[in-house]
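Worth knowing before you read on, the calculation uses all heavy atoms, side chains too, and leaves out hydrogens, waters and symmetry mates. Order of listing sets the numbers, starting from 1, for every ligand and every atom in it.
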Amino acid sequence: MKKITVFLSLFTVASALLMQPVQAQFAKPEDAVKYRQSALTLISSHFGRMQSTVKGATPYDAAAIQANVEILKTLSVLPWAAFPAGSQANSSAKAEVWSDAAGFKQAQQKFEGAVVKLSEVSGSGDLERLRSAFGDVGASCKACHDSYRAKK
Ligand code: ASC
């Protein structure tokens, strides 16, 4: 093999290895449970704090709402790597998280997409658009909880 071919092959392999996303690593199932519950708690906090604006009880500070939704967007992708098989115990996750992995994935994507849409209108100052996009995010939270979270 020519030197350049060897170099290119090694380069390709090295690049592929380097481009692997950093996988969430959990030493114990309970570490995964703690991680996802923490992320979902933060999501609930950053979602819920916009409620009074959406209800019209607090003035719509577009810059503040937009900054908050940016945080929510970052948070929205975090919980899903923390549902490794075998981590149902001591959590509210239903068996369907694993038995219906495709449906669970779809529910995540619906939520993430709704958050992206919310981020697109959050700085607009248009309360009606904010309310509608906020409602869609809430509906996606609820839909996933109805199917994949045990009732308390
Ligand atoms: C929240 C929160 C949820 C969702 C859900 C929306 O703020 O903690 O779980 O909204 O209630 O229906």
Side-chain angles (χ1 to χ4, degrees), residues 13-152:
V13 171
S15 307
L17 287 173
L18 286 171
M19 286 191 307
Q20 290 296 315
V22 178
Q23 294 295 329
Q25 299 280 328
F26 303 104
K28 297 173 281 172
E30 51 267 41
D31 292 347
V33 172
K34 197 168 170 182
Y35 181 99
R36 70 197 188 218
Q37 288 179 346
S38 302
L40 287 159
T41 297
L42 289 173
I43 287 170
S44 177
S45 170
H46 285 277
F47 181 65
R49 71 184 60 185
M50 297 187 285
Q51 196 134 32
S52 80
T53 298
V54 168
K55 282 198 279 188
T58 305
Y60 181 0
D61 177 342
I65 291 289
Q66 188 166 33
N68 186 58
V69 172
E70 282 309 306
I71 293 168
L72 186 63
K73 198 159 76 172
T74 300
L75 294 171
S76 71
V77 301
L78 296 181
W80 321 121
F83 286 86
S87 66
Q88 189 186 2
N90 300 310
S91 84
S92 302
K94 281 192 192 174
E96 282 80 355
V97 165
W98 297 277
S99 66
D100 177 25
F104 184 53
K105 177 106 194 154
Q106 211 167 41
Q108 293 159 29
Q109 287 170 343
K110 196 153 188 196
F111 166 67
E112 291 173 18
V115 172
V116 168
K117 292 222 170 80
L118 178 61
S119 77
E120 287 163 4
V121 305
S122 62
S124 70
D126 181 335
L127 186 56
E128 272 317 307
R129 290 172 74 200
L130 182 73
R131 186 174 288 142
S132 166
F134 182 89
D136 289 346
V137 173
S140 75
C141 297
K142 185 177 186 308
C144 192
H145 291 162
D146 287 350
S147 299
Y148 301 100
R149 184 177 70 171
K151 306 248 179 321
K152 293 213 173 125

Exercise for the section: For Ser52, enumerate each residue passing the side-chain hydrogen bond (donor to acceptor under 3.5 Å, both in side chains) test, keeping only those at least two apart in sequence or located in another chain. Expected result: Thr58
Handout entry: Within the 4.0 Å heavy-atom sphere of ligand 1, strictly under, residues
Key = Ser44, Phe47, Gly138, Cys141, Lys142, His145
Practice task
Give a yes or no on whether the backbone of Val97 and the side-chain of Tyr148 come within a donor-acceptor separation of less than 3.5 Å.
Solution key: no
Exercise for the section: Sequence neighbours left out, what passes side-chain hydrogen bond (donor to acceptor under 3.5 Å, both in side chains) with Lys105? Give chain and number order. Expected result: none
Completion exercise
With Phe83 as partner, the option from Phe26, Tyr35, Phe104 fulfilling ring-ring contact (aromatic ring centres under 6.0 Å, His included) is Phe104
Practice task
Look at the side chain of Ser38 and the backbone N and O of Lys34, then say whether any donor-acceptor pair between them is shorter than 3.5 Å.
Solution key: yes
Practice task
Could you list all the salt bridge (Lys or Arg N to Asp or Glu O under 4.0 Å) pairs where at least one residue sits in residues 109-134, not counting sequence neighbours?
Solution key: Glu128-Arg131
